[in-house]
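Written below as structure tokens is the structure these notes are about.
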Amino acid sequence: MLEISSITLDNEMDLPLTHKRAVSIGQYLGLSISTQTTFATSVAEVCRVVLEKTFDNVLSFYLESDSVRWFLIASIKSADQSITERSEELKYARRLIPVLNVSTAGEHTVIELRLGMPRNLQISRTKANQLIQYMKEAMPVSPYEDIKQRNQELSNLAEEREEQLRLSTILNNKKSEFLSIASHELRTPLTVIKAYAQVAKSLQNKDPERLSEYLDKISQQASKVNVLIQQLMDLSKIENDKVDYRMENVEFNKFLSDVLSTIEFSYPNHSIALHSSNPIYLSLDKLRIEQVIINLVGNAAKYSAAGKSITINVDISVPNKVTVSVADEGMGISKKDLAKIFDKFFRSDDVTQKVAGLGMGLYITTGIIKEHKGKIWADSVEGQGSTFYFSLPLAG
Ligand code: ADP
């Protein structure tokens with residue numbers, strides 16, 4: 001259905017306007033004068049009926065095609081709910097128009113008047129679009145219509161402004177929420193670092209074994225802060241297109257196994273298995289793809305219980321590309337959340353209270369994979385685990 005024009009029906013002064021609008025549409029389409037008049041009169045008549053009930057009505061004109069022919073439709077949407085298919089008040093209008101239907105749409109009643117267009121008028125989509133343009137540009141037919149149009153424009157503008165304000169408030173709130181989470185996430189490891197540093201200082205040369213254990217804790221927490229700061233910096237770089245990629249030709253399986261052997265010590269509670277493929281060569285930025293692998297394996301460990309396995313598979317069954325999957329046996333992700341996990345700052349409600357994070361990892365990972373002309377996606381079954389996939393093109 002193509003909307004041609006619409007008018008709010010606020011008071012009786014709108015009645016002549018509805019009549020004139022219906023006539024000028026009929027005229028533009030080439031209807032005979034008698035059809036124009038009967039159509040316009042039936043429209044004005046229904047408008048009169050609804051205006052007697054309420055001032056909350058809208059009249060819209062549409063053109064619709066059912067592949068055989070075109071129909072001109074006047075649809076009156078009213079807040080009044082007393083009018084029905086059998087209402088006596090519609091009797092007069094019914095006599096004038098071949099099809100008049102009454103239906104309900106939520107809290108509204110919709111009265112639809114349908115007029116089949118004779119084939120010789122050769123209505124087409126182009127003609128319909130020209131009519132829409134014509135109605136937009138048509139000069140007001142009376143000072144009243146002029147004022148009404150200006151009022152409508154002002155109210156549209158006010159609505160637009162309101163929407164802008166609403167969006168910027170949402171954005172602002174999101175930003176404040178993010179800043180408060182980010183500062184909390186940064187402060188927690190720093191507090192731990194400070195505490196261990198103080199105890200370590202008091203130990204000095206007394207207990208070298210505990211001292212070394214505390215220094216390890218300090219180093220682990222410092223790495224956490226480092227990752228968070230790195231993510232914050234990457235986020236702004238990715239958003240401003242300022243990431244420098246240093247592409248080089250790499251045998252992927254060797255690279256992947258090197259990366260895993262350097263990171264597996266960080267996940268002592270999980271067993272990590274790699275199923276590689278025959279040698280394949282890819283052009284990639286080693287540091288950035290390492291970051292992708294760390295993010296996916298890190299999440300697999302973070303969102304699954306100790307003792308669970310993480311399986312990484314390299315698949316080259318599809319020509320010219322490699323697909324890597326990282327599967328875990330963790331908590332899984334609901335269908336609703338699965339659609340959002342790659343969005344900036346998204347964190348599932350199930351994890352916010354339990355697991356630390358900022359919701360930036362997958363967003364950054366997606367940016368890196370896209371820059372490598374690849375794709376990233378995920379599958380998951382709640383309570384059973386998730387599998388994240390990314391594919392990259394082979395070096396040409
Ligand atoms: P973070 O882990 O810091 O919250 P990410 O962007 O890496 O940020 O992940 C976004 C969200 O996606 C997580 O908060 C979590 O809800 C969900 N998620 C990511 N990986 C997994 C996974 N392996 N298992 C379950 N949920 C996951």
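Remember, predicted model here, so these are calculated numbers, not experimental data. Remember, it's 1-based here, ligands and their atoms both numbered in the order they're listed.
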Face-on cation placement of R347 at F345 ring, 6.0 Å and 45° thresholds: no
Mutual orientation of the aromatic rings belonging to W377 and Y389 [parallel < 30°, tilted 30-60°, perpendicular > 60°]: parallel
A quick test of your reading: do over 12 heavy atoms of other residues, nucleotides or ligands sit less than 6.0 Å from CG of L167? yes
Should you measure from each heavy atom of I341, which atoms of ligand 1 turn up under 4.0 Å away? 10 (C), 12 (O), 17 (C)
For S386, is the nearest heavy atom under 4.0 Å from an atom of ligand 1? yes
Of all protein heavy atoms, the one nearest atom 13 (C) of ligand 1 is Y303 OH, 3.3 Å
Ligand 1 versus L358: contacting region, heavy-atom distance under 4.0 Å: backbone
Any atoms of ligand 1 less than 4.0 Å from a non-hydrogen atom of S348? List them with their elements. 14 (O), 16 (O)
Determine whether more than 12 heavy atoms belonging to other residues, nucleotides or ligands lie under 6.0 Å from atom NZ of K375. no
Using a distance-only test with no angle check, is there a side-chain donor-acceptor pair under 3.5 angstrom linking N295 and T365? yes
With distance as the sole test, does S124 use its side chain to make a donor-acceptor pair with the main-chain N or O of K127 at under 3.5 Å? yes
Atoms of ligand 1 less than 4.0 Å from K302 heavy atoms? 1 (P), 2 (O), 3 (O)
Ion pair E12/R48, N-O distance below 4.0 Å: no
Can you list the ligand 1 atoms lying under 4.0 Å from a non-hydrogen atom of N295? 7 (O)
How about H275 and N253: do any of their side-chain heavy atoms sit closer than 4.5 Å? no
Look at atom NZ of K321 and say whether more than 12 heavy atoms of other residues, nucleotides or ligands are closer to it than 6.0 Å. no
Have a look at ligand 1 and work out which part of V351, if any, has a heavy atom under 4.0 Å from it: side chain, backbone, both or neither. side chain
Give the residue and atom name of whichever protein heavy atom lies nearest to atom 19 (C) of ligand 1, and the separation in Å to one decimal. N299 ND2, 3.6 Å
Regarding K335 and E382, does a basic nitrogen lie under 4.0 Å from an acidic carboxylate oxygen? no
Those atoms of ligand 1 less than 4.0 Å from some heavy atom in F388: 19 (C), 20 (N), 21 (C), 22 (C), 23 (N)
Could you check atom 11 (C) of ligand 1 against the protein and tell me its nearest heavy-atom contact, residue, atom and distance included? F346 O, 3.7 Å
From the options G359, G332, G357, select the one whose nearest heavy atom is closest to atom 8 (O) of ligand 1. G359
Show which atoms of ligand 1 fall inside a sub-4.0 Å distance from at least one heavy-atom site of I333. 25 (C), 26 (N), 27 (C)
For ligand 1, which atoms have a heavy atom of M360 less than 4.0 angstrom away? 6 (O), 8 (O)
Decide if the gap between the ring center of H372 and the ring center of Y245 is smaller than 6.0 angstrom. yes
Among all protein heavy atoms, pick the one closest to atom 5 (P) of ligand 1 and tell me residue, atom and distance. L362 N, 3.6 Å
Check each heavy atom of D328 against ligand 1 and say whether those closer than 4.0 Å belong to the side chain, the backbone, both or neither. side chain
Under 3.5 Å between some N or O of ligand 1 and some N or O of R347? yes
